Structure formats: structure tokens, C-alpha cells
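Have a look at the structure below before the remarks.
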Number of protein chains: 2
Amino acid sequence: MNVRIQHPPTPNSLRVRNCLWSYYSSPHQKLSHSSNFKSPIESSEKVLGCTVNYSLISRHFSSGVQPQYERSSSEDQVDPFSLVADELSVVANRLRAMVVAEVPKLASAAEYFFKMGVEGKRFRPTVILLMATTLNVQISKPASEGVVDMFSTELRLRQQSIAETTEMIHVASLLHDDVLDDVDTRRGIGSLNYVMGNKLAVLAGDFLLSRACITLASLKNTEVVSLIATAVEHLVTGETMQMSTLAEQRTSMDYYLQKTYYKTASLISNSCKSIALLTGQTAEVAMLAYEYGKNLGLAFQLIDDVLDFTGTSSSLGKGALSDIHHGIITAPILYAMEEFPELRTVVDRGLEDPANVNLVSHGPIKFIKSNRLSPLSKGSLIQALEYLGKSHGIQRTRELAAKHASLASAAIDSLPENDDEDVQRSRRALIELTHRVINRTK
Amino acid sequence: MNVRIQHPPTPNSLRVRNCLWSYYSSPHQKLSHSSNFKSPIESSEKVLGCTVNYSLISRHFSSGVQPQYERSSSEDQVDPFSLVADELSVVANRLRAMVVAEVPKLASAAEYFFKMGVEGKRFRPTVILLMATTLNVQISKPASEGVVDMFSTELRLRQQSIAETTEMIHVASLLHDDVLDDVDTRRGIGSLNYVMGNKLAVLAGDFLLSRACITLASLKNTEVVSLIATAVEHLVTGETMQMSTLAEQRTSMDYYLQKTYYKTASLISNSCKSIALLTGQTAEVAMLAYEYGKNLGLAFQLIDDVLDFTGTSSSLGKGALSDIHHGIITAPILYAMEEFPELRTVVDRGLEDPANVNLVSHGPIKFIKSNRLSPLSKGSLIQALEYLGKSHGIQRTRELAAKHASLASAAIDSLPENDDEDVQRSRRALIELTHRVINRTK
């Protein structure tokens, strides 16, 4: 299969060079082996017993690796979330008002994850609002200040619409993913498919997508509609790539990173770019906004994949080792494979267990009843975790995340100078976010 | 619940008065009771035996009712499908090219119902292309004819995009509906969920929706984006209304007609209106295009609901009595209830069978596992069919369909005069379609 990550060409003048696509193909660096890396084999008997124990084992991975990307001492620290807290409340209220459907049942379903207390981290709206201030164009004030203020207010409302739309699309994708994966909890409460049934969960997702489209259309900028619709397509493409049953694809680092861009980075990067376009910024600035979003999104997901091995179920709000349990092979294991080529055989064998083929007979034809991936067999899983413990898989994944965080930060540093205090503060907050993303433990 | 059909106000100058909303609330007209109407009680024992027999019984309803809406003798008959056959092939080829996804699995899923031979009736693209010619604006040809031709070609491509988008949205809704209802066949082949699994079917639907949005955005007309996105929202709203578990709503004619507008008429009416907007027509003409689509869509669905009782499984390509089997009460039964108020009790009792409540226990909380409607119990179903056989339910539904077909036809007659031969022919074809819709037997 020929899959290419569709990111626009990087302008020559860009100070930041995106070295992602060469980074992981560079010769394997020798890294110091942390003494805190314990092999999970010590508890392997318990592992065979029940799933809960997997998370106990996974704690062995949780320490001993320091992120490679340090805060510059000159940066005044700003709390990104506090900076936009008030505006986030406005956005949250508007979101709740926007997802009201005519039919009460659909309204309840659509608003489910926008309710007070279960709104999640609101990571995407935070980034988008900070990007909006960061890219603020200073308008030279003519005679009538009122016109400028009106323009600024109107622009801000339009930028907020991008934050709202992005959150609606994100929640729609969660609703559909939960149906597809038969997930029963999300954000600490019952998933919508469990509480209201699969049918309403699929419909509520479709409703949010159509509402997002209507909101985008109201911005009267078809380039923005197209960018965000492309991001929706990427969400679907990434999810489908993750369903690949070919061991060759499932154990390829290239394939993994492409999927990660589609599933996590595309929406945030295209939203950031949309903010730049709505603000009337140049193509070069729009590209920097896009690069920030892309690299932040990739760093975020890489750490998510680390936390799946190192976190506990309670800290993550979902099962630990959830990915590998579902047959999804992520960066830590892929790096471990580079170090221990025999791990590839273990994983391939584990994935190709014929007991996992999921066909049902329907008359003369065999049908696929479920697209659930074959999980690794228990034996292969334990062996894979042993290899991971011996390898630098976790550490190298953290380093790749740090690299992307650094690229995101550099994109902000490359923006045209602007002395405005709010702009300066927002830029510092966006850089602070890159640190938080790689240092988070949940 | 307060649900209103959202159709724009009818302009005063409109010759056609939309009397739908008073029609079915008018005092019950006495109609001659056709001797061909036999009570299904004659075969009730067999009915208890198996589903196939339901369709045998339902044939009793199939004759004896003539549509009330006759062709005018002055109309030259035109075959609407032949008129646009060549262009439909172009649209079909482009559709196949448009739904190609990067990931082969997603591509196979998305193109499933666009493949040669399983494209369905292509009713929507046919209406849209005919409407495009019907609303053609005659451009006074200046010195350079080349410019006019270029403009016409470009406009036609844009109008074709509406046909393509509408078909993508229609197929997306079919894919999601089939997952929701666990349908196993569609258009004479295995439904996508059965052949490729629920997950790919949901994702392929999402993919088609995002592709449709990207295509719409390329038209650079945000009003059109908004109209079509609203129609997607209506599809979802209609589907949710159909899931209502309240007997009061499920047996209300108002509720049924509102749901029918959302589920069937909104997409076609808003697509027709979009054609008018893209052509640069006046608001009044856009409204007539909308009225045509709305009334044609309503007539189409009313006949569909009749055929569910009168058709055979083989002629329909789905199970006969499929709606009532799934607990969906449609116009024929609703009219029969007006004639025989005791039928309401039968239906209410049948719907409220406590055995049908669909809860599963999940820890301390009860969850709804499926949103499948409770079907009528077998006893109630047989009684309902008996009442239907004695009533004028089928006949009155046909009459209502004929009324809407007539309104659709009148909307075309109200369009500004145009002597162009192609325009004249397309208008006749659109009127011919209204006849075919109400006379169809499958």
C-alpha cells in the first residue's frame, strides 16, 4: 500500500526543519540502560492469572526515563489552561447550546460529553484559543476605534467557532470509536453506547458532524470547511489503518507514524492552520501554525502510547496496556523490535494466531462479523513485555516525543515578531504546553 | 415534544398552495370500499406460521386502488431516466473516482454501493440533473460565445457535484442505518456491515460524509454547504424520531409526516434548492425547486409505506411488512386507526409488551443494550392487518401521495416560462417522475 502523509511542503524560509521522517530511520543510537527498567518476567505467573496484573507489571516501566527536552530557563512560565479558562467556559456554554437537537433523545445523546464535569481536558480548544491570540494581527487603529473593536470581536467569535467545531468533531469521533470498539467507559462515566445504545451513539456522532459542518459553513470560508473536512477524513483513514490485519503494516514504524498523524495530529494541525487563515495571516504563518499543531499532536500521541505501558488504569481513565491488548502495536514495542529483531517473530506469531480469525458463515459465503483486531495471544504478550523491559523502547519513544515537542516549540519561535503582551504570553503558553504534553503522567 | 417541520415560508405569489398540513387533519372522507380489499383474517393461521406468509396476505392489499392523480393528456411523455442516462454514467464514474480512499480497505468499503450493477435506482441524481436543466438560465450570448460555453460547462460540473454529493450522503445514511438495524441485505447483495463488518461500515459512512463535505466546499458557496449539512442533520433527526418508544408519538400522523420529511424529503428538497442557488436563480424559484423536491420525496415515501404492505419480498428487495415487523407504524395503519379507533388500542398494547423492553444489567446500573424498537407482538400484528384490510388505510395513503405528487408537479408548472426545448423536456420529465413515483410497484 502506498500511503503518504499529506502535509504541505515546508517553506524554504522556515527555520525549523522537520526531521521527523529521518529521525526514526537513523542508525540506532546507543542509550544508557536505566537500572529502573525491570523485566516483567518476574511477575509473569501473575500475568497469566488476570488482566489487572498486567497494569501492575506495567508500572515497572513508569520511571527512570527523563524527557530529553528541557524548559529554557529564560521562559516565564504561564499556565496555558488558566490563560484561557474564562474563554473556555464561554466556548463550553456555546457548545452546549449548539448541540441541542430538536428531538430530546438526540439532544441528550449529543450533549452527553459536553456536560459540566465530563468535558475532558479540553486540550484542543485550549490550543486553538491560544493560537488565536498568538496570531493576532495588530490593526493600526484609524479614526474610528469602534470599527476595529467590532472587527476584533467578530474575528474572535469566528476563531471560537473553530474551537467549538474541533471539539464537536473530536467528540463525534470518540462516540463512533467507542461503538466500534465496544468500549464501556469514557471520561470516567459510562460510554454513550453503553448508556444509550449503539444506535443513538452512531446517530449522535453523525449529528455532531453535521452540526460542525453547518457551523463551519457559517464562517463563509470554504478553504476552512475543506481543511476541517479533510481532517475528518483523516480520522477515518487513521482508524481504518489501525484496523489493518497485515502483520507487515502493524509492525512498521512508518505505518504507525502515518496512522498517528491521521488519527491524532491532523485535526489539531488543520484547526491551527484554519485559525491562521481566518486571521488573514500569510501562507508561511499558516504553515507554522500547522507545524505547531502537527508536532504537538504527534508528541501527545507518542506519550499516550508510552503511558499505555507505564500508567495505571485509574490514572489513565481506561485500561492499562489497552492498545496491545487490542492488538495495536505502538512505538515502544516497535523500537524494542529494532533492538531485538526476534521480538518481531514473537509479535507476528502472536498476531497471526488462527484462532483470532473472525469469520462467520452466512449461507454459502463467509462474512466478517467483526473488524476487531486479533489481540496478541497471552504467551506472546508476556514475551513482548519482557523484550520491552530489556529494550530502550519506552525511552526512545519519549525521545521522539521530545523531538516533536521541540519542533512545535520552534514553530512558535519562528513566528513574526510581535511585542503585544497578550501575544507574547500566549506564545509562552503554547510552548509551555509542549513541555506539559511530554511530562504528563495521565 | 415540540417538533416543527422547518420549511421556509411559501411566497405569496406561489400558485401552488401547500395544503399538506391541513389535508390529513380534514374530516374523514367517505370513500367507496373496494371489493378487492380482503381481510387478512382468512389466512391468519398461516400468518402465525412464518413470515413468508405475511407477504402472501399482504398481496390482498395490492390492487383495487387507483391513484387519484392522472396524467394530463396534453403532456408529451418523456422517460426521465433515459433523458439523463448518459450524464448519469458520467456522474457514476466520477462518484467511483471520488470515493477512492488512500487505504484499500476503506476504498473497498466506500465504493461498495457505487459499483456497476448495485448503484440502485439513482433516483436522487436523476431528479437533480433534470432540475439543473429545468432551471437553466438562458444567457444572452455576447460577442464571445466561448465564454458562455465555458460558463455553462463549469456550471453544469458544479450542478453535477450536487448530484454526486447527495448520492454520497444517501449511501452514507444507508450504511449507518444498516449497521443500526443489523440489516443483512441491501440492493440484492449482502449489506456492507455483513460483508465487511460493522466497524468498516460505520467508518465508510463517515468517510463518505467527509468526502461530501469536501466536495461541497469546493463549490465555494457556503449557503449550499449549510443547506446540505442541514439535510444530513435532518436524516439523523428523522432516524431518531423513528426510534421513539412513546406509543403516543409512534401512532401520531403529525409525527409520522414530520419524520418522513426529515428522513426522505429533506435531502432531495435541499439538493433541488441548492441547484437553484448555484444557477443564480431568484429566491422564489429556489423555493419552487425546494417544494418540488419536498413533495416528490413525501409522495415517494408514502408509496414506499404502501408497498411495504402490498409488495412481495422479491419485488421490494427487502422483507415485505418490514416496517411493522420492526415496530414502525406508517400511514396506512395510522389512517386505519382513524377509521377504527379500537385499532389504536391493539397497536398500543402490541407496542407496550413488557417483553420488548431492552435493558441489560451492567453492575448496579441498567443499560440500554440496543435501541431496536419493540416490534408488534404477533397477535397484535395479525389484528392490525385485519383492521387495515377492512379500512381505507392503503387507499387514503395513496391519495395523500397523489396529492403531494400533484403539488410537486404544480411547483414545476409555476416556474417562469422558458421556451428552450431542453428546459421544456426536462420539466415534462420531472412531472413524469411524479406520476411514476405514485404508480410504482417496487
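Everything numeric in this text was worked out from a predicted model, so none of it was measured. Numbers restart at 1 for each chain; the letters A, B, ... are given by sequence-line order, proteins then strands.
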Selection from B:L208, B:V225, B:V224, B:L209 maximising heavy-atom pairs under 4.5 Å formed with chain A: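 The option with the most such pairs is B:V225.
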Among the listed options B:A229, B:A109, B:C213, the residue most often paired with chain A at heavy-atom distances under 4.5 Å: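 Top option by heavy-atom pairs under 4.5 Å: B:A229.
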Criterion side-chain contact (heavy atoms from CB on, under 4.5 Å) against A:D206, the qualifying member of B:D206, B:V202, B:L235, B:T240: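 Exactly one candidate clears the test, B:D206.
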Chain B contact via A:L203 - side chain, backbone, both or neither, heavy atoms under 4.5 Å: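 For A:L203, heavy atoms of backbone and side chain both lie under 4.5 Å from chain B.
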Evaluation steps, side chain to side chain donor-acceptor pair (under 3.5 Å), between A:S173 and A:D177: CA-CA 6 Å; A:S173 79; A:D177 284 359; 4.8 Å; no
Residue among A:T222, A:L216, A:L219, A:V232 with most heavy-atom pairs under 4.5 Å to chain B: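 Greatest number of close heavy-atom pairs with chain B: A:T222.
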Best-contacting candidate, A:T215, A:I228, A:V236, against chain B by heavy atom pairs under 4.5 angstrom: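 Top option by heavy-atom pairs under 4.5 Å: A:V236.
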Pair B:K263 + B:E239: basic N to acidic O under 4.0 Å: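 Salt bridge present between B:K263 and B:E239.
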Non-hydrogen side-chain atoms of B:E164 and B:E167 separated by less than 4.5 Å: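 No, side chains not in contact.
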Side-chain heavy atoms of A:L267 within contact of A:H234, under 4.5 Å: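 No; the side chains remain at least 4.5 Å from each other.
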